[in-house]
Amino acid sequence: QVQLVESGGGLVQAGGSLRLSCACSGLTFSRYAMGWFRQAPGKEREFVASIRWSSITNYADSAKGRFTISSDIAKNTVFLQMNGLKPEDTAVYYCAATLGRGTRTSEYDYWGQGTQVTVSS
């Protein structure tokens with residue numbers, strides 16, 4: 001049974017930082033690309049960042065220069081370091097796994113339950 005469990009969300013002031021973690025089990029972690037998505041109230045879920053083979057990364061324009069995705073294969077865990085947070089970053093953040101390489105939600109096979117990130121102004 002595949003499980004993705006996010007943690008690290010919370011309430012932070014604008015300009016602050018958070019580090020999200022996603023612990024994975026039940027899949028061969030090294031075979032999957034891992035992605036972070038987010039969904040704000042009333043909006044569609046959107047791509048934030050992805051990582052393949054621990055080194056090939058891709059970011060949404062909104063994340064470039066502020067967010068960093070990384071992974072620890074030994075721990076089957078993917079991280080999202082978020083710096084310079086803005087109120088518009090407020091959303092539920094989800095990690096997901098895919099054998100592909102895309103940025104669309106439909107391309108991802110497994111999802112976590114999400115973790116809330118709230119940025120106050």
Side-chain angles (χ1 to χ4, degrees):
Q1 180 181 0
V2 176
Q3 284 192 315
L4 281 63
V5 180
E6 302 98 334
S7 61
L11 173 64
V12 64
Q13 289 188 331
S17 298
L18 283 174
R19 189 190 195 208
L20 306 183
S21 300
C22 175
C24 306
S25 61
L27 53 73
T28 305
F29 187 74
S30 59
R31 293 184 58 201
Y32 284 79
M34 301 300 298
W36 284 99
F37 291 75
R38 67 186 183 185
Q39 188 167 18
K43 295 188 177 181
E44 293 188 352
R45 193 169 299 188
E46 64 177 7
F47 172 78
V48 176
S50 66
I51 187 167
R52 288 187 294 128
W53 302 332
S54 295
S55 61
I56 299 175
T57 58
N58 187 25
Y59 294 93
D61 287 344
S62 60
K64 288 178 181 177
R66 299 188 301 128
F67 295 0
T68 302
I69 189 170
S70 62
S71 64
D72 185 335
I73 291 180
K75 296 182 178 180
N76 284 9
T77 302
V78 61
F79 305 97
L80 186 67
Q81 177 67 44
M82 304 187 294
N83 299 327
L85 283 162
K86 306 174 182 179
E88 51 264 44
D89 294 317
T90 295
V92 177
Y93 283 71
Y94 298 89
C95 73
T98 178
L99 289 173
R101 59 179 66 188
T103 62
R104 295 176 294 180
T105 57
S106 60
E107 297 176 277
Y108 283 74
D109 305 299
Y110 302 105
W111 292 84
Q113 82 289 347
T115 186
Q116 177 70 47
V117 171
T118 303
V119 184
S120 62
S121 57

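Note that the structure is a prediction, hence the values are computed from the model and not measured.
Closest approach of E107 and G102 over heavy atoms only: OE1-CA, 3.1 Å. Of all non-hydrogen atoms in I69 and W36, the two that sit nearest each other are CD1-CD1, 3.6 Å. C24 approaches M34 most closely through the heavy-atom pair SG-CE, 3.5 Å. Closest approach of L85 and L18 over heavy atoms only: CD1-N, 3.8 Å. When all heavy atoms of R38 and A91 are compared, the closest pair comes out as CB-CB, 3.8 Å. Annotation for V117 and G9: closest pair CG2-CA, 4.2 Å, computed over non-hydrogen atoms.
W111 and Y32 are members of different hydrophobic clusters when ILVMFWY side chains are connected at heavy-atom separations under 4.5 Å. Placement of L99 and Y94 in two distinct hydrophobic clusters is found when ILVMFWY residues are connected by side-chain heavy-atom separations under 4.5 Å, directly or transitively. A single hydrophobic cluster is not seen to contain both L20 and L11; linkage of ILVMFWY side chains at heavy-atom distances under 4.5 Å, directly or through other members, places them apart. In the hydrophobic cluster analysis, where Ile, Leu, Val, Met, Phe, Trp and Tyr join through side-chain heavy atoms closer than 4.5 angstrom, Y110 is grouped apart from W53. L80 is not connected to V92 by any chain of hydrophobic side-chain contacts under 4.5 Å among Ile, Leu, Val, Met, Phe, Trp and Tyr, and they are in different clusters.
Taking OG1 from T105 and CD from E46, the interatomic distance works out to 11.5 Å, rounded to the nearest 0.5 Å. Interatomic distance, S121 OG to K86 NZ, rounded to the nearest 0.5 Å: 14.0 Å. Considering OG of S54 and CG of D72, their distance stands at 8.0 Å, rounded to 0.5 Å. Put simply, CZ on F37 and OH on Y108 are 4.5 Å apart, with the number rounded to the nearest 0.5 Å. One distance of note links OG of S120 with CD of Q13; it measures 5.0 Å at 0.5 Å rounding. Note that SG of C22 is 10.0 Å distant from CG of N76, once rounded to the nearest 0.5 Å.
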Stepwise salt bridge (Lys or Arg N to Asp or Glu O under 4.0 Å) check, K64 with D61: CA-CA 5 Å; K64 288 178 181 177; D61 287 344; 3.2 Å; yes

Side chain to side chain contact (heavy atoms under 4.5 Å, CB included) evaluation trace for F79 with R19: CA-CA 7 Å; F79 305 97; R19 189 190 195 208; 3.6 Å; yes

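With contacts defined as side-chain heavy-atom distances shorter than 4.5 Å, the pair T103/Y59 does not qualify. Looking at heavy atoms from C-beta onward, S30 lies in side-chain contact with T28 at the 4.5 angstrom threshold. Between Q116 and T90 the shortest side-chain heavy-atom distance falls below 4.5 Å. A heavy-atom distance below 4.5 Å is found between the side chains of F47 and N58.
No donor-acceptor pair under 3.5 Å is formed between the side chain of T57 and the backbone N or O of I51.
Among R66, Q81, M82, the single residue meeting the side chain to side chain contact (heavy atoms under 4.5 Å, CB included) criterion with S17 is Q81.
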